[in-house]
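Report on one structure; see the data block that follows.
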Amino acid sequence: MKLLISLFALMAFLPSDQNNFDWVSFSMVKRTTANGMVTRVESNVYYKSSGEMITHFEKPLEMFVFNNELGDIRLYNPESNTVIKSLDNRLGSQNTTFYYFLVGNSEDLGLKSAGFTLLDSKIEDMMLVTKWDSPDELKNQMDRVELVSNGDYPIFMAYLDRKGKYLKKIYYYKFDKVGRSMFPMAITEIDYLKEDSMITKSTFGSFVFDSEKDLSMLNYEIPENARLVE
């Protein structure tokens, strides 16, 4: 489930006045370094404007992840023909960083709508720096969030505990035009663990809107005889 939270923190989006489309596909590569080891995950993501999303993991193993705006998640392993189901509205296809960038509404990356309260706002080195207090239900995970923006889009976000110690840092860079929005083609996350840190770099590319070639994947269904794993 930790992998899912990290994954969906990057992946989903919806059409808007800034980007109008029926579906879109793109590639995603994640490289994670932890405990002296490096792992690489390659996938392709397919998204419908209805909020339905399919992520096809190709390497190091094949797997399909289905998600929607309600956070109804299904993981299908075609090799074993097994499926795992989960429901968590926090992981819905609209409640993600990726969503806010692609719809051109990335000012606060959804912090306000998620219940965060603005504590402070100032200009430092021509950048807008804001600090946000986390809602009560998230206090055991993080105390506050820092957000640094360059013009219309954020370039840095951090989670801190009550002592002001960094729990996680996220850098957004290599911005390019996707549809009508500026999108970070690379995102680096640093998770500070108890005795070490974990660094994950995600890169994106090959954005294609409303391609007929994607329909077969968008209409992909889990076989009825797949075994449910509790």
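Below, each value reflects all heavy atoms present in this structure, side chains not excepted, and no hydrogens, waters or symmetry copies. Since this is a predicted model, take the numbers as computed values, not measurements.
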Does Lys122 come within less than 4.0 Å of Glu124, counting only side-chain N to carboxylate O?
yes

Go through the side-chain N and O atoms of Lys30 and Ser202 and say whether any donor and acceptor fall under 3.5 Å apart.
yes

Is it the case that the side chains of Asp214 and Ser25 hold a donor-acceptor pair, with the cut-off being a distance below 3.5 Å and no angle test?
yes

Any chance you could measure Thr55, atom OG1, to Phe57, atom CZ, to the nearest 0.5 Å?
5.5 Å

Using modelled atom types only, decide if a donor and an acceptor are shared between the side chain of Ser211 and the backbone of Lys213 within a distance under 3.5 Å.
yes

Is the shortest side-chain heavy-atom distance between Leu160 and Glu146 below 4.5 Å?
yes

Check whether any side-chain N or O of Ser134 sits under 3.5 Å from a backbone N or O of Met142 as a donor-acceptor pair, and report yes or no.
yes

Side-chain (Asp108) to main-chain (Gly110) donor-acceptor, under 3.5 angstrom:
yes

Step through the shown structure and confirm whether more than 12 heavy atoms of other residues, nucleotides or ligands are within 6.0 Å of CG on Asp196.
yes

Answer whether the closest heavy-atom distance between the side chains of Thr33 and Met198 falls below 4.5 Å.
no

Validation row: Ile73, Leu87 side chains within 4.5 angstrom (heavy atoms)
no

ring-ring contact (aromatic ring centres under 6.0 Å, His included) test vs Phe183 passes for just one of Phe204, Tyr173, Tyr153, namely Phe204

Rounded distance [0.5 Å steps], OG1 in Thr82 versus CG in Leu75:
9.5 Å

Taking all heavy atoms of Val178 and all of Met185, pick out the closest pair and write down the distance.
CG2-CE, 3.3 Å

Could you check if a side-chain atom of Glu62 sits within less than 4.5 angstrom of a side-chain atom of His56, using non-hydrogen atoms only?
yes

Strictly distance-based, threshold 3.5 Å: is any side-chain N or O of Asp161 a donor or acceptor partner for the main-chain N or O of Lys165?
yes

List the atom of Phe175, the atom of Pro154, and the distance in Å for their closest heavy-atom pair.
CZ-O, 3.4 Å

Taking atom CG of Asp210 as the centre, does the number of heavy atoms from other residues, nucleotides or ligands within less than 6.0 Å exceed 12?
yes

Salt bridge or not between Arg40 and Glu42? Use side-chain N to carboxylate O under 4.0 Å.
yes

What's the verdict on side-chain contact (heavy atoms from CB on, under 4.5 Å) for Thr188 and Ile199, showing C-alpha distance, side-chain angles and the deciding distance?
CA-CA 7 Å; Thr188 294; Ile199 301 175; 4.1 Å; yes

What's the spacing between Met63 CE and Glu58 CD if we round to 0.5 Å?
13.5 Å

According to a 4.5 Å side-chain heavy-atom criterion applied to Ile, Leu, Val, Met, Phe, Trp and Tyr, with indirect links allowed, do Met37 and Val41 form part of one hydrophobic cluster?
no

Phe116 vs Val145 side-chain heavy atoms within contact, under 4.5 Å:
yes

CG/Asp152 to CG/Leu128 distance, rounded to the nearest 0.5 angstrom?
10.5 Å

Verify the distance criterion only: is there a donor paired with an acceptor across the side chains of Thr32 and Thr200 at less than 3.5 Å?
yes

Measure the acute angle between the ring planes of Tyr76 and Tyr220, then classify it against the limits of 30° and 60° as parallel, tilted or perpendicular.
tilted

Can you tell me how far CE of Met157 sits from OG1 of Thr130, rounded to the nearest 0.5 angstrom?
8.0 Å

Would you call Met182 and Lys177 a side-chain contact if the rule is heavy atoms closer than 4.5 Å?
yes

Dump the intermediate steps for side-chain contact (heavy atoms from CB on, under 4.5 Å) on Val24 and Tyr46, then the final yes or no.
CA-CA 6 Å; Val24 63; Tyr46 304 84; over 6 Å; no

Step by step, would you call Ile54 with Tyr47 a side-chain contact (heavy atoms from CB on, under 4.5 Å)?
CA-CA 6 Å; Ile54 299 175; Tyr47 180 81; over 6 Å; no

With a 4.5 Å cut-off on side-chain heavy atoms, are Val29 and Lys201 touching?
no

So Thr203 and Arg31, side-chain contact (heavy atoms from CB on, under 4.5 Å) or not? Walk me through it.
CA-CA 9 Å; Thr203 55; Arg31 300 176 182 86; 3.9 Å; yes

Look up atom CD1 in Ile222 and atom NZ in Lys85, then write down how far apart they are to the nearest 0.5 Å.
7.5 Å

Is a donor on one side and an acceptor on the other found under 3.5 Å between the side chain of Lys139 and the backbone of Asp143?
yes

Test: Asp191 and Lys168 ion pair at under 4.0 Å:
yes

Once you measure the plane-to-plane angle for Phe207 and Phe26, does it fall in the parallel (<30°), tilted (30-60°) or perpendicular (>60°) bin?
parallel

Can you confirm whether Ile187 sits close enough to Tyr171 that some side-chain heavy atom of one is under 4.5 Å from a side-chain heavy atom of the other?
no

Taking the six-membered ring where the residue is Trp, are the ring centres of Tyr172 and Phe156 under 6.0 Å apart?
no

Please confirm whether the backbone N or O of Asn68 pairs with a side-chain atom of Asp72, one donor and one acceptor, at under 3.5 Å?
no

Assess whether atom CD of Glu137 is packed by more than 12 heavy atoms of other residues, nucleotides or ligands within 6.0 Å.
yes

Hey, quick one: are Phe66 and Trp23 part of the same hydrophobic cluster, counting side-chain heavy atoms closer than 4.5 Å, chains of contacts allowed?
yes

